[in-house]
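In what follows, a structure is listed as structure tokens, so that the remarks can point back to it.
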Amino acid sequence: MQDSVSLVFTISSAGFVLAICCYAFLFLLLLTDKAANRTKNLLLAFAAVQVFWAVFYLLFSTQPFISADSVIVEALRHILLFLLLFSCLSSSEIRWWSFLAQGAVKLVIPIVFCLALVNVFVPVSNNIIFSINLLLCIGQLALLEALYRRAGPVVWQFKPLVLGLGLQILFDFILLAEAALFSRIDPQLWAARGFIAALVLPLLVVAIRRIRSWAISVYVSREIVVNSTIVLLAGIYLSVLAVAGFSIKLFDLSWTGLLQAILIAAGCLLFAVVALSGKVRRRFKVYIEKNFYANKFDYRTKWLSLTQYLKSLKLQQDVDYQAYLNAWLTATGYQRGALIRAFTPSQLHAVACLGRVSVTADELNLLQHYCQHHARPGWITDLSDQNDSFVQFKGDTLKIDGHLIIPVFDEQQLWGLCILNTPTAERLKLNWELRDYLMIITEQISSYLLLTLASKALSENAQFAAFSRMSAFVVHDLKNVKAQLDLMLNNSKKHMQNPEFIKDSFDTLEAMQQRLGNMLSQLTDKRTDSNSSSKFSVAQELEQVIKHKCAVRKPLPTLHVLNNCMLSLDKERFSSVLYHLIDNAQHATEETGKVEITVDVKTDVASTVLQINITDTGCGMSEQFIQQRLFKPFDTTKGNSGMGIGAYDALQFAQQHNGQLTVSSVEGEGSCFTLTLPVTDDTKE
């Protein structure tokens, strides 16, 4: 027994001597290089720590990972390894203080240091010490995996580094996992530790020679660390070992040949299932492509440039289909393409082409079949993929100048197709990463495109709506002109011989002629008002409205002028608004009722306002009707005889002139409309 222990000790000493020689050589080799950067300094420090670590275990017979001095040495080794990995994952342009101020560095290094101090000064069980070091190894493996994944096109430069450090860390992981399970360090595994460290050296030297620059812009996200494959596999490994070890200890079993045979058979069965099952392999391949891909693009830069480009396109302008097609080409790096509008699956029209001739009739025929049978949301067709259903169906007849067909959907309705192409050497090989990327940029570009189309349609509808609204006001004014003509014709039978009536008739005809001229001008210029202002007396204008417009219907309104004033605004518009309000009051009141108009001027410290009250004893209105229907345009209670814009026009008139129109009403008793308009003190009479 003593001979075997002595042999193991001798072998381990030889391993540590070999490690001392190897890392001393690496340290001296690095000193010969004149380059001065953070990563080189960390490599020098790492080589020095490796030498110190090997010398310590060569000279001192101590309990590995357990004694206080061993805890400090291992913690120092962990810290240098973490710093080296973080440096590889950071830009070389970052200065030392900025590098040390990074969140991950500030979090991990103090934690390792504090754990070492706790292990030195606080008595803890061996299992806890082994478990802490085991977790640190898992963290290092996770960083190493992140470095490999994020290296991108220079991954070949980092492969030796990843393999070398990975072997060293993985060996420590296995050593500590067994130690945590059995509460002791396996002497045979420990004896190989120095040899493993020496074995890593050639890979580190090759990595140093390969890596031309340590300035790679990569980072370690929390999601990558948490969901790392290494962490997952380590957890599975520890769980299986823990369950097996606990079961053996609980039932006083041993690793018999039967148990080993069962485990070997189960492993072979699992391997056969994975190797022979096409479905399992496909699902595994998809999972690998979606979760362990190498980034083809700098997505942050791509997304920002695409967003800025789309933002530069003005929604109010005509739709520039070529600009949106150029967005697809720029985002993918392709050189030519076409954008095709699908009015129906069988009615296609090319709206834009870049870098290629126009879409031919044969291409449109093939694309019609694609739209009818193969286009679906969330799927991109690769015309070079012989397994695609569309490619298989058309076979040799498939002659489309394109590599990718991207369907564009407006909700679930096919809007069109985007066809992209580029020389064969530059084509993207579609995997789940690129499909997801293409679908995201398609959603972004198509949303802007559809928003532009909707904005254009909305603008056109707004123009039609404005013209229709203006026409409605013109029709409303025509009804007023007709009412004046009716009143004049009715009175002409009685007063046609009266010179005053004839004079008033000509005055009325002149006013109607002016009003008709204004309406024709509005129709010609497509304006809703003439904006002609004039100065007039409020009381006199109301008298004219009552006499010439409102006398045709009973009850005849009565005017009470408490205080009069002059206004300077569109007299025709003012007369029309007051007529609408008075006419509404007459319609709501029985012939035996009353309609009264009161004119007053209210003055306070702040302002002077004209107040016109139109009071009737009619049917009144409910509060719900006032809130929901009274000022709603084109909603009338007069049937076919009303347009439903009188109250709405009055409210708009008051608001446009910084005034107010308020209503108070009681059902069955009557209503009172109050119009207030600001006036100046010098207009008060």
Side-chain angles (χ1 to χ4, degrees), residues 38-39 42-43 46 78 81-94 99 102-105 107-108 135-173 200 203-204 206-237 274 281-304 333 428-440:
R38 183 184 64 248
T39 307
L42 287 173
L43 283 170
F46 177 72
H78 281 306
L81 194 52
F82 270 117
L83 287 175
L84 180 60
L85 292 175
F86 280 127
S87 180
C88 293
L89 288 164
S90 303
S91 172
S92 61
E93 298 177 358
I94 299 178
F99 167 70
Q102 290 180 343
V105 178
L107 177 66
V108 174
L135 291 175
L136 295 178
C137 288
I138 293 175
Q140 292 164 1
L141 288 172
L143 291 176
L144 206 59
E145 182 190 0
L147 175 62
Y148 180 77
R149 285 203 224 163
R150 298 288 178 172
V154 295
V155 66
W156 69 276
Q157 299 179 14
F158 285 87
K159 278 184 179 180
L161 179 70
V162 173
L163 290 174
L165 294 181
L167 174 63
Q168 180 175 306
I169 299 170
L170 187 60
F171 179 81
D172 288 348
F173 172 80
V200 168
L203 293 173
L204 293 181
V206 173
I208 292 171
R209 289 180 59 86
R210 274 193 183 184
I211 299 174
R212 300 176 181 176
S213 172
W214 294 86
I216 56 173
S217 300
V218 294
Y219 65 95
V220 185
S221 68
R222 297 179 182 177
E223 186 176 358
I224 289 295
V225 174
V226 172
N227 298 319
S228 173
T229 308
I230 297 299
V231 176
L232 177 62
L233 295 178
I236 295 174
Y237 177 81
V274 174
R281 288 201 310 274
R282 284 194 299 271
R283 289 187 176 181
F284 184 71
K285 182 179 179 181
V286 169
Y287 178 80
I288 292 297
E289 287 182 350
K290 295 187 72 173
N291 296 277
F292 301 95
Y293 55 81
N295 290 338
K296 297 294 183 182
F297 306 105
D298 185 345
Y299 296 113
R300 181 183 64 85
T301 303
K302 285 284 187 180
W303 189 256
L304 287 175
L428 298 174
K429 183 179 180 181
L430 288 191
N431 54 16
W432 284 101
E433 173 205 1
L434 290 176
R435 288 186 183 275
D436 290 344
Y437 169 71
L438 290 174
M439 290 311 303
I440 289 174

What are the two closest heavy atoms between Leu170 and Leu141, and how far apart are they? N-CD2, 4.3 Å
Rounded to the nearest 0.5 Å, the SG atom of Cys137 sits from the CG atom of Leu144 at a distance of 12.0 Å
So which heavy atom on Gln140 is nearest to which on Leu85, and how close? O-CD1, 3.6 Å
For residues 158-172, the salt bridge (Lys or Arg N to Asp or Glu O under 4.0 Å) pairs (sequence neighbours left out) are Arg77-Asp172, Asp172-Arg193
Non-neighbouring partners of Leu163 that pass side chain to side chain contact (heavy atoms under 4.5 Å, CB included), sequence neighbours left out: Leu203
Pairwise distance CG(Leu161) to CG(Leu84) - rounded to 0.5 angstrom: 6.5 Å
CG of Leu434 to CG of Leu438, rounded to nearest 0.5 Å, is 6.0 Å
What one should report as the nearest heavy-atom pair of Leu136 and His78 is CD1-CD2, 3.7 Å
Is there a side-chain contact between Phe46 and Leu165 in this structure, where contact means two heavy atoms from C-beta onward sitting under 4.5 Å apart? yes
